[in-house]
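This one's a predicted model, so the numbers in the text were calculated from it and none came from an experiment. Indexing begins at 1, ligand by ligand and atom by atom, following the structure's order. For reference, positions follow the sequence shown, starting with 1.
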Amino acid sequence: MEKLLFKGGRIIDPANGIDKILDISVESGKIAAVGEDLGSAGFKVIDVKDKVLTPGLVDMHVHLREPGREDEETIESGCRAAAVGGFTAIACMPNTNPVNDDSSVTEMIIDKSKAANLITVYPVAAITKGLEGKELSEMGELLQAGAVAFSDDGKCVENDRVMRRALEYSRMFNVSLISHSESGELSAGGQINEGYYSTILGLKGVPSAAEEIAIARDIVLAELTGARIHFTHVSTRGSVRMIEDAKKRGLQVTCDVTPHHLTLTDEALIEYDTNCKVNPPLRTKDDVEALHKALAEGVIDAIASDHAPHALHEKEVEFSAASFGMIGLETTLPLMLTKIVGNGILSLTQLIEKFTIAPARVLNINKGTLSIGSDADIIVIDTKAKVKVDTDNFLSKSKNSPFNGWELNGAADCVVAGGKIIVEDRKLVNLNPMRNV
Ligand code: DOR
Ligand code: ZN
């Protein structure tokens, strides 16, 4: 493996409190040294003056559609989209067909992601068999097969007793349960946020309370069991208020937010754009402001894309028939650099923390740092790059993004995963010529 030396970049490594102009060297797939004026003999030298180097980003909430809907995304196409988006580690949700509630599925995902030979994929296994909310999956076996956390994402575990048991088991294994918090009784039939826009558009609404009731229940159960709970895609003011309180009381509660809930409101639905139909729904300006504040104050730990690919024929239909979800792997970094750092909501270092060490800690994975000896997952960000989002050029197999045409600033120029350059000049390097990548 080629030895790499990145010269003269601004190194941001929140896990180690580093924000400084330094060199980084990579040997045998690991970070070999971080320091001033490292010697270059024997290294391929890459000049990164005026660029920002960070750990490869970690996306803890991605839907790869394999097995089952390979027309929408495969493990390989998802890895390619992640790589050009700056992500070197992703966690994939279990709502595939078959569901990832069996170690054979977990193993298949890991094997296929290794064959794709790009980034690291961490399967999140189902809490309950078939995501039916009734019987717990074999959590021990799934962890042994390589799962890193559990979730019934897409659905809420509605039964209080089942959720309690799941938390008791996850505590025993010291892993996070990832809660998709939604009271099905309150959200049933809902299309968008319940409020002004649902009224004027004549669409059935999903009240904030549908999310908040589920979060309240899970905080109570986290306290009862002492387990770790992670709330994914939080979207309302009330949700972050309760999570802040739970954290203050010392519970093991963490949460993430999506880029779309940070940048769009339900006003985006005014023309019935089905690409803005997501679950939980886009909320109000007041909610978005609360999310920004919670992000800045550390109540929200991580940002995760909830990359949810859907085929054209599932989006180009009557609004009420369209699937929920939007893709995000290829827009998340530029969008967050532009709208969250650009608007002064977070510093660049804070943003990188939400994309690296924070999600890595939730998942107990050894990623998201530039510590000596850790996997050489590094990205080189050009914060001044001009990006015009064009879904025609996406590596994802799906195109369901409402950000198409947006002009953004900043992108990952170069991506290194496990010591190999996988993206150069914002383009995927052809590592698998036989596989026609
Ligand atoms: O919008 C969403 N899409 N939210 C979810 O929870 C599931 C996801 C999907 O799988 O399409
Ligand atoms: Zn979800």
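The ring pair (Phe, Tyr, Trp, His ring centres under 6.0 Å) check on Phe403 picks up Trp406, with sequence neighbours excluded.
Angle ND1(His180) to the Zn ion (ligand 2) to OD1(Asp153): 80° [nearest 10 degrees].
Using a cutoff of 4.0 Å between basic side-chain nitrogens and carboxylate oxygens, Asp71 and Lys397 are not scored as salt-bridged. With respect to Glu289 and Lys285, a salt bridge is recorded, a charged nitrogen being found less than 4.0 Å from a carboxylate O.
Ring geometry for His180 against His233 counts as perpendicular: the plane angle is over 60°, on a 0 to 90° scale with 30° as the lower cut.
Residue contact annotation: Met326 has no non-hydrogen atom under 4.0 Å from ligand 1. The closest approach between any non-hydrogen atom of Lys155 and ligand 1 is not below 4.0 Å. For Arg65, the closest heavy-atom approach to ligand 1 falls below 4.0 Å.
Here the heavy atom of the protein found nearest to atom 10 (O) of ligand 1 is Asn95 ND2, 2.9 Å. The closest protein non-hydrogen atom to atom 3 (N) of ligand 1 is Phe324 O, 3.2 Å. Among all protein heavy atoms, the one lying closest to atom 8 (C) of ligand 1 is His63 NE2, 3.7 Å. Atom 5 (C) of ligand 1 has as its closest protein heavy atom Asn279 O, 3.6 Å. Looking only at protein heavy atoms, the nearest one to atom 6 (O) of ligand 1 is His180 CE1, 3.1 Å.
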All N/O donor-acceptor pairs, side-chain side in residues 317-325, below 3.5 Å, sequence neighbours left out:
from, atom 1, to, atom 2, distance (Å)
Glu318, OE2, Ser320, OG, 3.3

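Each of the atoms 1 (O), 2 (C), 3 (N) of ligand 1 lies under 4.0 Å from some heavy atom of Gly325. The His310 neighbourhood of ligand 1 comprises atoms 11 (O), with distances under 4.0 Å to a heavy atom of that residue. For ligand 1, the atoms closer than 4.0 angstrom to any heavy atom of Gly154 are 6 (O), 7 (C). Every atom of ligand 1 with a heavy atom of Asp306 under 4.0 Å away is listed here by number and element: 4 (N).
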* To do: For Met163 and Ile229, run side chain to side chain contact (heavy atoms under 4.5 Å, CB included): C-alpha distance rounded to whole Å, both residues' side-chain angles, the deciding distance at 0.1 Å, then the answer.
  => CA-CA 11 Å; Met163 192 62 174; Ile229 188 141; 3.9 Å; yes

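Side-chain contact check for His61 and Asp256: no donor-acceptor pair (N or O, by modelled atom type) lies under 3.5 Å. Ser181 and Ser179 share a donor-acceptor pair across their side chains, judged by distance under 3.5 Å alone.
In summary, of the residues considered (Ser396, Ser77, Ser398), a side-chain contact (heavy atoms from CB on, under 4.5 Å) with Glu72 occurs for Ser398 alone.
Here His233 has side-chain heavy atoms under 4.0 Å from ligand 1, and that is the only part of it that gets that close.
Here His233 reaches the Zn ion (ligand 2): one of its N/O/S atoms is less than 2.8 Å from the metal.
Between Ala308 and ligand 1, no pair of N/O atoms sits closer than 3.5 Å.
Checked by atom type and distance alone, the side chain of Ser183 pairs as donor or acceptor with a backbone atom of Leu186 at under 3.5 Å.
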